[in-house]
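Start at 1 with the first residue, then count along the sequence. Just so you know, these numbers come straight off a predicted model, no measurement behind them.
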Amino acid sequence: IPPNHIRETRRKDRETIKRKNTNNARMNTQQQQGYHTSNRLHMEGKWTKVDVEVIPHPSKSYKGGEDSFYVSNDCLSMGVADGVGSWSTWGVDPSIFAKGLMVGAKNAYDKEGKNTPSDILDYAHKQVLKVTGSSTAIAWTIKEEGDALVLNGANIGDSGMMVIRDGKMIFRSQEMQHLFNFPVQLGTGHTTSAADSDLICLNLKPDDLIVTATDGLFDNLFDEEILDIIKKASSKESLATVLANAAFVRSEQLDGPAPFMQHAYSLGVMNTGEGGKPDDITVIATRIKKATFDHEPIPVPDEPLGSPIDSRRRAN
């Protein structure tokens, strides 16, 4: 039995964490369309059509999972966040920080007029400095620059995005990891800031598809599989729903290849490379409307500016 002073310290720690969780939970009341934890969302703007699908980890479905997202009112800025699950071992709900971060990101764009992704994440981060927890995050914006429609993004951690044109992946964000399964993150105990983001910039064309997702998608489906699923999907289906469902099915399987397990096996972390990884899954599928340009867009290079494609995502 611990000495009295140790027991008293632990009691005070538990009470402190309980108070923090109570205060953090108040942030849930700020939820509104565009950054809630409902299962599905469809929005449409001047240049984009947006579909969102959220499938929580089965054991976390009672609270909507620990992912979060936002979509701006004009559908020209959006992003996802993945609360770091290990905080739960300390009595902290990891979803609170992620949700607060996305509330801040949406407000940064819609209310504060910030249209640079790193500024959006910086503003969002500052709104949750007093909240215990941490999260990965990615945010991006679309704006006109001359005759071009340009996507700018900022990524921290292992959530990510890919841009698909004519059935081919022309861009894939790169993960930021300290170690395997230890992503760079914003939050308590970390010195990372929005200034450390991996920056993204590329020109878009009509009918381009932007897939933004937490690692629940990319850890369970290889890039080639994502492309194949999109190719085979009906025009009437929500691509976000189709992709999220496919990732969820894989996450529940005990055999068959999956990116996370194969990578873990290659590092000697796991004794098998088979099976999926149960996780929260959040997918945003954004289609650039075909009628976006009233004029011929400027030529887009074959290799757009941004991070190289992560080769480990390729199926064997």
Side-chain angles (χ1 to χ4, degrees), residues 51-53 55 67 69 78-80 82 136 138 140 151 153 155-177 180-181 183-184 198 200-205 207-233 237-253 255-267 270 273-288 300-316:
D51 286 296
V52 184
E53 185 76 18
I55 302 180
D67 286 353
F69 71 92
M78 53 203 78
V80 298
D82 182 356
T136 65
I138 184 170
W140 55 262
L151 181 149
N155 182 41
I156 294 176
D158 58 2
S159 293
M161 63 175 290
M162 57 197 305
V163 179
I164 300 162
R165 178 177 299 154
D166 299 326
K168 299 179 180 179
M169 181 172 58
I170 66 162
F171 175 82
R172 171 76 151 79
S173 62
Q174 189 172 17
E175 292 183 358
M176 298 174 68
Q177 298 265 11
F180 173 70
N181 205 30
V184 177
D198 181 26
I200 301 162
C201 181
L202 63 150
N203 290 344
L204 298 172
K205 283 186 175 183
D207 208 37
D208 280 355
L209 176 66
I210 306 160
V211 176
T212 312
T214 54
D215 64 340
L217 176 72
F218 300 117
D219 281 345
N220 284 296
L221 296 177
F222 293 99
D223 289 341
E224 290 84 350
E225 292 179 301
I226 293 174
L227 292 175
D228 189 55
I229 291 168
I230 292 171
K231 181 179 179 180
K232 294 178 179 179
E237 293 180 292
S238 161
L239 289 177
T241 301
V242 173
L243 289 171
N245 284 339
F248 178 75
V249 170
R250 175 67 55 77
S251 74
E252 295 287 286
Q253 294 176 346
D255 53 14
F260 180 87
M261 291 298 290
Q262 284 200 352
H263 192 202
Y265 179 67
S266 71
L267 296 174
M270 302 292 288
E274 299 288 301
K277 176 197 170 195
D279 202 353
D280 300 315
I281 302 166
T282 298
V283 181
I284 305 177
T286 307
R287 179 76 71 177
I288 304 300
V300 177
D302 292 333
E303 295 294 334
L305 207 60
S307 301
I309 295 172
D310 184 351
S311 60
R312 86 168 177 84
R313 294 300 183 183
R314 296 187 178 278
N316 292 333

Novice: Is there a side chain to side chain contact (heavy atoms under 4.5 Å, CB included) between K168 and L227 once you walk through the steps?
Specialist: CA-CA 7 Å; K168 299 179 180 179; L227 292 175; 5.9 Å; no
Novice: Hey, are the side chains of T136 and V80 touching, using non-hydrogen atoms and a 4.5 Å cut-off?
Specialist: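 With C-beta onward as the side chain, the pair stays apart.
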Novice: Counting only N and O atoms by type, is there a donor-acceptor contact under 3.5 Å from the side chain of R250 to the main-chain atoms of N220?
Specialist: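 Yes, the answer is positive, given that a donor and an acceptor are paired below the 3.5 Å cut-off.
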Novice: Tell me, do I200 and W140 make a side-chain contact under 4.5 Å, heavy atoms counted?
Specialist: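 Not in contact.
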Novice: First locate atom CE of M78, then atom CE of M161, and finally report the distance between them rounded to the nearest 0.5 Å.
Specialist: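 One finds 10.0 Å between CE of M78 and CE of M161.
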Novice: Under the side-chain hydrogen bond (donor to acceptor under 3.5 Å, both in side chains) test, which residues partner T286, sequence neighbours left out?
Specialist: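 Not a single residue meets the side-chain hydrogen bond (donor to acceptor under 3.5 Å, both in side chains) criterion with T286.
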Novice: Taking the ring centre of each residue, are F180 and F260 less than 6.0 Å apart?
Specialist: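 Ring centres of F260 and F180 closer than 6.0 Å.
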Novice: Can you find a heavy atom in the side chain of I210 that is under 4.5 Å from one in the side chain of I288?
Specialist: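 The answer is yes, as the side chains (C-beta and beyond) meet within the 4.5 Å cut-off.
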Novice: How close do G160 and S173 get, heavy atom to heavy atom, and via which atoms?
Specialist: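 Closest pair (atom of G160, atom of S173, distance): CA-OG, 3.2 Å.
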Novice: Under a plain distance cut-off of 3.5 Å, with no hydrogens placed, do T214 and S159 share a side-chain donor-acceptor pair?
Specialist: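 Absent: no donor and acceptor within the cut-off.
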Novice: May I ask you to test the D223-M162 pair for a side-chain heavy-atom distance under 4.5 Å?
Specialist: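 In contact.
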Novice: Can you tell me how far apart NZ (K231) and CD1 (I229) are? Round to the nearest 0.5 Å.
Specialist: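 Result: 13.5 Å between the selected atoms.
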Novice: Roughly how far apart are D215 CG and I281 CD1, rounded to 0.5 Å?
Specialist: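 Separation between the atoms: 9.5 Å.
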Novice: How long is the gap from NZ on K205 to CG on D166, to the nearest 0.5 Å?
Specialist: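 It is 7.5 Å, given to the nearest 0.5 Å.
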Novice: Within 45 degrees of the axis of the six-membered ring of F218 and under 6.0 Å from its centre: does R172 put its NZ or CZ there?
Specialist: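 Ring-cation test returns yes.
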Novice: Keeping the roles fixed (side chain from Q262, backbone from P259), state whether a donor-acceptor pair exists under 3.5 Å.
Specialist: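 A pair under 3.5 Å: no.
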Novice: For the atom pair CG (L209) and CZ (R287), what is the distance rounded to the nearest 0.5 Å?
Specialist: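 Here the rounded value is 4.5 Å.
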Novice: Do E274 and M261 come close enough that some side-chain heavy atom pair is under 4.5 Å?
Specialist: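 With C-beta onward as the side chain, the pair stays apart.
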Novice: Checking R165 side chain against D208 main chain: does a donor-acceptor pair fall under 3.5 Å?
Specialist: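 Not confirmed, R165 side chain does not pair with D208 backbone.
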Novice: Distance from Q177 atom CD to H263 atom NE2, nearest 0.5 Å?
Specialist: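 Taking CD in Q177 and NE2 in H263, the distance rounds to 8.0 Å.
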Novice: Which heavy atom in G275 sits nearest to a heavy atom in A258, and how many Å separate them?
Specialist: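 The pair with the smallest heavy-atom distance is O-CB, 3.3 Å.
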Novice: In this structure, which one of D158, I284, D198, N155 forms a side-chain contact (heavy atoms from CB on, under 4.5 Å) with I138?
Specialist: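 Between I138 and the candidates, side-chain contact (heavy atoms from CB on, under 4.5 Å) is satisfied uniquely by N155.
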Novice: Partners of T241 by side chain to side chain contact (heavy atoms under 4.5 Å, CB included), sequence neighbours excluded?
Specialist: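 Residues passing side chain to side chain contact (heavy atoms under 4.5 Å, CB included) with T241: R40, E53, S238, N245.
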Novice: Without swapping roles, check the side chain of D228 against the backbone of E224 for a donor-acceptor pair under 3.5 Å.
Specialist: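 Such a contact is absent between D228 side chain and E224 backbone.
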Novice: Going by side-chain contact (heavy atoms from CB on, under 4.5 Å), I226 matches just one of L217, V283, L239. Which one?
Specialist: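 With I226 as partner, L217, V283, L239 yield a single side-chain contact (heavy atoms from CB on, under 4.5 Å), made by L217.
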